[in-house]
Amino acid sequence: MRRKIVAGNWKMNGSLKSNEALLDALKKASIPNNVDVIIFPPYPYLIQAQMNLQSSAIKAGAQNLSISEGGAFTGEIAGNMIKDIGCNYVLVGHSERRTLYGETSAIVAQKTAAAITQQLTPVLCIGETLAEREAEQTQNVLTEQLQAVIEHCGIEIFSKLIIAYEPVWAIGTGKTASPEQAQAVHAFIRCFIAKSDAKIAALVQVLYGGSVKASSAKALFEMPDIDGGLVGGAALDATEFTAIISAAS
Ligand code: PEP
């Protein structure tokens, strides 16, 4: 039985003051027993979230990490620093990192390995663009993104990470994949992993991300291969995010 996860990606949003209000509101929410909740604030606010959430079931993680362990890498953040402040999760390969910052699947695979080395749980984001979907390349794109991780890290790593399927055309656009569209891709992802290891494929949690709202969450989360959501915009609104958490119960 896979637990549900609702994760909130705050992207480059927030301030000390607005975060405090959001965190306080989230802490008041009742978290269903079968749901894990993780938020991903920007780096400067990670310790704020981590400290604020100490007595809460909600966890905090980082949005990115370096492939390097430390040293002369200006502007980078090492996995051991994320671990050092008590966080256990990190996003890798978010589509904004892939498209805006040139992260190739090979780099994402190295970041996945770097996270595991520091005993962080990576949330490995994968997904196709609209042009790729329209060209019926979705499965090929996902295969390439997953294969890079398998080749660099080995299939066993999929027992230590979470996958987030995020169709790029649905991120921040207000266009959510229908539950059936998302389920079809989630089933493909699970089948693809099962070709290498059926046991790992049955256990790996695969989240859906892309304009998830309280109104769309329940139908998505009821699909057999959807184990929760990675939420962007709606994670900045306590009422909306709390309702999405409830929809996962
Ligand atoms: C995301 O940033 O991972 C995301 C899914 O964003 P949104 O929910 O705003 O589409």
Side-chain angles (χ1 to χ4, degrees), residues 3-71 73-94 96-97 101 111-125 160-164 166 205 207 209 212 227-246 248:
R3 286 177 65 76
K4 289 274 198 280
I5 298 172
V6 175
N9 175 13
W10 290 9
K11 309 197 189 198
M12 199 169 72
N13 293 295
S15 65
L16 282 176
K17 197 168 168 203
S18 67
N19 299 341
E20 207 64 21
L22 181 51
L23 291 164
D24 286 347
L26 292 180
K27 278 195 301 189
K28 289 193 191 116
S30 74
I31 311 287
N33 282 337
N34 63 329
V35 184
D36 292 323
V37 180
I38 315 161
I39 54 155
F40 295 90
Y43 280 134
Y45 304 126
L46 196 48
I47 197 147
Q48 176 195 20
Q50 180 64 13
M51 288 174 81
N52 189 310
L53 295 172
Q54 250 161 25
S55 57
S56 156
I58 302 172
K59 310 281 181 234
Q63 295 177 16
N64 185 25
L65 84 167
S66 171
I67 56 174
S68 303
E69 290 190 0
F73 300 101
T74 303
E76 291 288 284
I77 308 283
N80 61 306
M81 296 172 180
I82 298 166
K83 194 74 187 177
D84 191 34
I85 62 161
C87 294
N88 291 316
Y89 296 91
V90 61
L91 298 179
V92 290
H94 189 279
E96 286 148 20
R97 301 292 323 164
Y101 301 100
K111 291 191 170 195
T112 306
I116 296 289
T117 302
Q118 297 303 330
Q119 290 166 348
L120 293 164
T121 301
V123 179
L124 170 64
C125 304
K160 297 183 186 145
L161 58 70
I162 297 160
I163 297 173
E166 299 204 296
Q205 289 153 302
L207 314 184
V212 174
D227 303 311
L230 177 55
V231 182
L236 298 171
D237 179 322
T239 310
E240 189 73 11
F241 193 58
T242 303
I244 295 172
I245 295 168
S246 302

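Note that the coordinates shown come from a computational prediction; the quantities given were computed from them, not determined experimentally. We number each residue from 1, following the sequence as shown.
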Taking all non-hydrogen atoms of both residues, which atom of [X] and which atom of [Y] are closest, and how far apart?
| X | Y | result |
| --- | --- | --- |
| L161 | T121 | CA-CG2, 4.2 Å |
| A29 | T242 | CB-CG2, 3.4 Å |
| A235 | W10 | O-NE1, 3.8 Å |
| N19 | G14 | OD1-CA, 3.4 Å |
| A248 | N34 | O-ND2, 3.7 Å |
| L26 | I58 | O-CD1, 3.6 Å |

*Apply the test side chain to side chain contact (heavy atoms under 4.5 Å, CB included) to residues L65 and V92: give CA-CA distance (whole Å), side-chain angles for both, the deciding distance (0.1 Å), then the verdict.*
CA-CA 8 Å; L65 84 167; V92 290; 3.6 Å; yes
Side chain to side chain, [X] and [Y], heavy atoms closer than 4.5 Å:
| X | Y | answer |
| --- | --- | --- |
| V123 | N9 | no |
| V90 | Q118 | no |
| L53 | L23 | yes |
| M12 | Q63 | no |

When rounded to the nearest 0.5 angstrom, what distance separates [atom1] in [X] from [atom2] in [Y]?
| X | Y | atom1 | atom2 | answer |
| --- | --- | --- | --- | --- |
| C87 | Q50 | SG | CD | 4.0 Å |
| N52 | E20 | CG | CD | 5.0 Å |
| L207 | I163 | CG | CD1 | 9.0 Å |
| I38 | L230 | CD1 | CG | 9.0 Å |
| F241 | L236 | CZ | CG | 9.5 Å |
| S66 | F73 | OG | CZ | 6.5 Å |

Once salt bridge (Lys or Arg N to Asp or Glu O under 4.0 Å) is applied, what residue pairs with a partner in [range] remain, sequence neighbours excluded?
| range | answer |
| --- | --- |
| residues 52-61 | none |
| residues 32-57 | R3-D36 |
| residues 112-125 | none |
| residues 234-244 | none |

Pairing residues for [X] by the side chain to side chain contact (heavy atoms under 4.5 Å, CB included) criterion, not counting sequence neighbours:
| X | answer |
| --- | --- |
| S18 | S15 |
| A243 | A214 |
| S246 | none |
| I116 | P122, I157, K160 |

*Do Q48 side-chain atoms and L16 backbone N/O form a donor-acceptor pair below 3.5 Å?*
yes
*Any donor and acceptor pair, going by atom type alone, linking the side chain of K83 with main-chain N or O of L120 inside 3.5 Å?*
no
*K4: salt bridge (Lys or Arg N to Asp or Glu O under 4.0 Å) partners, not counting sequence neighbours*: none
*Could you tell me which residues satisfy side chain to side chain donor-acceptor pair (under 3.5 Å) with N13, sequence neighbours excluded, listed by chain and number?*
none
_Just to verify, what does Q119 make a side chain to side chain donor-acceptor pair (under 3.5 Å) with, not counting sequence neighbours?_
none
Sequence neighbours excluded and cut-off under 3.5 Å, please list the side-chain donor-acceptor pairs for residues 39-47, or say none.
{"from": "Y43", "atom 1": "OH", "to": "N64", "atom 2": "O", "distance (Å)": "2.1"}

